[in-house]
Amino acid sequence: MARYFDVHPVDPQPRAIAQVVAILRDGGLIAYPTDSCFALGCSLDNPSGKDRIQRIRHLDDRHHFTLVCADFAQLGQLVQLDNAVFRAIKSVTPGPYTFILPATKEVPRRLLHPKKKTVGVRIPHHPVVRELLGALGEPILSSTLLLPGQDDPMTEGWLIKDELDNTVDAVIDSGECGLEPTTVVDWSEGSPVVTRVGAGDPSPFE
């Protein structure tokens with residue numbers, strides 16, 4: 001049975017954040033709000049976390065997972081950035097964007113796209129996620145909480161708890177956080193290609 005955390009959306013309770021961090025460090029899988037919609041997440045060194053997300057969402061190995069970062073110090077360790085890409089991403093983050101980029105050797109091989117050796121990265125703006133990342137001290141492996149057969153991501157924490165009670169270890173509820181997932185920009189070939197239009201304005205990359 002998943003633990004349920006009712007967390008303030010602007011000033012999240014430190015005790016609740018600490019308990020969620022303990023679950024992540026213990027190999028748990030969480031459902032949590034972001035600045036675009038709810039997501040599934042686990043720690044990077046969780047050996048079964050990626051497989052659990054794939055089973056919940058019915059994903060194959062071609063799906064790009066996202067490394068949710070606290071800041072550019074973390075992001076810069078995980079993906080290859082030249083000055084132009086850095087400036088472009090910096091101009092819209094924190095915010096509801098995911099960027100696909102070539103991974104560095106810091107990213108475990110099992111988390112990469114099998115052919116492209118790329119990974120998604122993002123820096124969210126949601127206060128709960130930022131507190132969670134700060135307390136954890138490392139990125140979270142993440143994927144939008146969009147269940148098979150559904151057109152829209154789930155938006156209400158108590159419904160997520162009811163639906164995924166036996167498949168995740170914790171649900172963080174801080175109120176509704178929107179229906180739109182992130183806008184995805186693929187920069188793996190040297191120039192930006194918008195592959196999904198979501199909550200972030202795509203015009204800077206078109």
Between N46 and G27, is there a donor-acceptor pair closer than 3.5 Å when you use the side chain of the first and the backbone of the second?
yes

Ignoring hydrogens and angles, tell me if any N or O in the side chain of S43 forms a donor-acceptor pair with the backbone of R25 under 3.5 Å.
no

Say whether, by atom type as modelled, one donor and one acceptor occur between the side chain of D152 and the main chain of L179 under 3.5 angstrom.
no

When you measure from the side chain of D71 to the backbone of Q74, do you find a donor-acceptor pair of N or O atoms at a distance under 3.5 Å?
yes

Considering all heavy atoms of both residues, which atom of D35 and which atom of P96 are nearest to each other, and what is their separation?
OD2-N, 3.6 Å

Do Y97 and V119 sit in one hydrophobic cluster, given that two such residues count as connected whenever their side-chain heavy atoms are within less than 4.5 Å of each other, even indirectly?
yes

List the steps, then state whether side chain to side chain contact (heavy atoms under 4.5 Å, CB included) holds for S188 with H113.
CA-CA 11 Å; S188 59; H113 187 284; over 6 Å; no

On a heavy-atom basis, the closest approach of P202 and V197 is CG-CG1, 4.1 Å

Before you tell me yes or no, could you show the steps for L101 and I89 under side chain to side chain contact (heavy atoms under 4.5 Å, CB included), namely the whole-Å CA-CA distance, both residues' side-chain angles and the distance that decides it to 0.1 Å?
CA-CA 11 Å; L101 287 157; I89 294 177; 3.9 Å; yes

Do Q13 and D6 get their side chains close enough for a donor-acceptor pair, meaning under 3.5 Å?
no

Would you say the side-chain atoms of D201 pair up with the backbone N or O of S203, donor to acceptor, closer than 3.5 Å?
yes

Donor-acceptor contact present, side-chain R130 to main-chain H125, <3.5 Å:
no

Just checking, is any N or O donor in the side chain of T182 or R122 under 3.5 Å from an acceptor N or O on the other one?
no

Would you say V171 ends up clustered with I23 if hydrophobic residues are merged whenever their side chains have heavy atoms under 4.5 Å apart, either directly or through other cluster members?
no

Ignoring hydrogens and geometry, is there a side-chain-to-backbone donor-acceptor pair from T183 to G198 under 3.5 Å?
yes

Hey, could you give me the CZ/CE distance between R3 and M1, rounded to the nearest 0.5 Å?
12.5 Å

Is the closest side-chain heavy-atom distance between P204 and V185 below 4.5 Å?
no

Would you call the rings of F205 and F99 parallel, tilted or perpendicular if under 30° counts as parallel and over 60° as perpendicular?
perpendicular

I30: which of L40, V168, L132, V21 passes side chain to side chain contact (heavy atoms under 4.5 Å, CB included)
L132

If you apply the rule side chain to side chain contact (heavy atoms under 4.5 Å, CB included), what do you find for D61 with Q54, and how did you get there?
CA-CA 8 Å; D61 288 336; Q54 286 178 312; 3.3 Å; yes

Do the side chain of R110 and the main chain of P47 share a donor and acceptor less than 3.5 angstrom apart?
no

So OG of S36 and NE2 of H126: to nearest 0.5 Å the spacing works out to 9.5 Å

Can you see which heavy atom on K50 is nearest to which on C42, and at what distance?
N-SG, 4.3 Å

pair L147-L164: side-chain heavy atoms closer than 4.5 Å
yes

Point-to-point distance, once rounded to the nearest 0.5 Å, from OG of S174 to CZ of F38:
6.0 Å

Same cluster or not: V20 versus Y32, using hydrophobic residues (I, L, V, M, F, W, Y) connected whenever any side-chain heavy atoms lie under 4.5 Å apart?
yes

So if you build clusters from Ile, Leu, Val, Met, Phe, Trp, Tyr with side-chain heavy-atom gaps below 4.5 Å, do L78 and L112 land together?
yes

Minimum heavy-atom distance between I53 and L141, given as atom pair plus value
CD1-O, 4.4 Å

Given C69, which partner from the list I123, T93, I140, V79 fulfils the side chain to side chain contact (heavy atoms under 4.5 Å, CB included) test?
I123

For the residue pair F65 and H63, does the interplanar ring angle fall in the parallel (under 30°), tilted (30 to 60°) or perpendicular (over 60°) class?
perpendicular

Mind listing the closest non-hydrogen atom pair of D151 and L146 along with its distance?
C-CD1, 3.9 Å

Please report the interatomic distance CE(M154) to NZ(K161), rounded to the nearest 0.5 Å.
12.5 Å

Can you measure from CD (E163) to CD (E156) and round to the nearest 0.5 angstrom?
13.0 Å

What one should report as the nearest heavy-atom pair of R52 and T167 is NH2-O, 3.0 Å

Donor-acceptor pair, side chain of D169 and main chain of L29, under 3.5 angstrom
yes

Roughly how far, to the nearest 0.5 Å, is the CD1 atom of I160 from the CG atom of D165?
12.0 Å

So does A103 get a backbone contact from the side chain of Q80, meaning a donor-acceptor N/O pair under 3.5 Å?
yes

Verify same cluster id: W158, L145 (apolar side-chain graph, 4.5 Å):
yes

With sequence neighbours left out, the residues meeting side-chain contact (heavy atoms from CB on, under 4.5 Å) with R15 are Q19

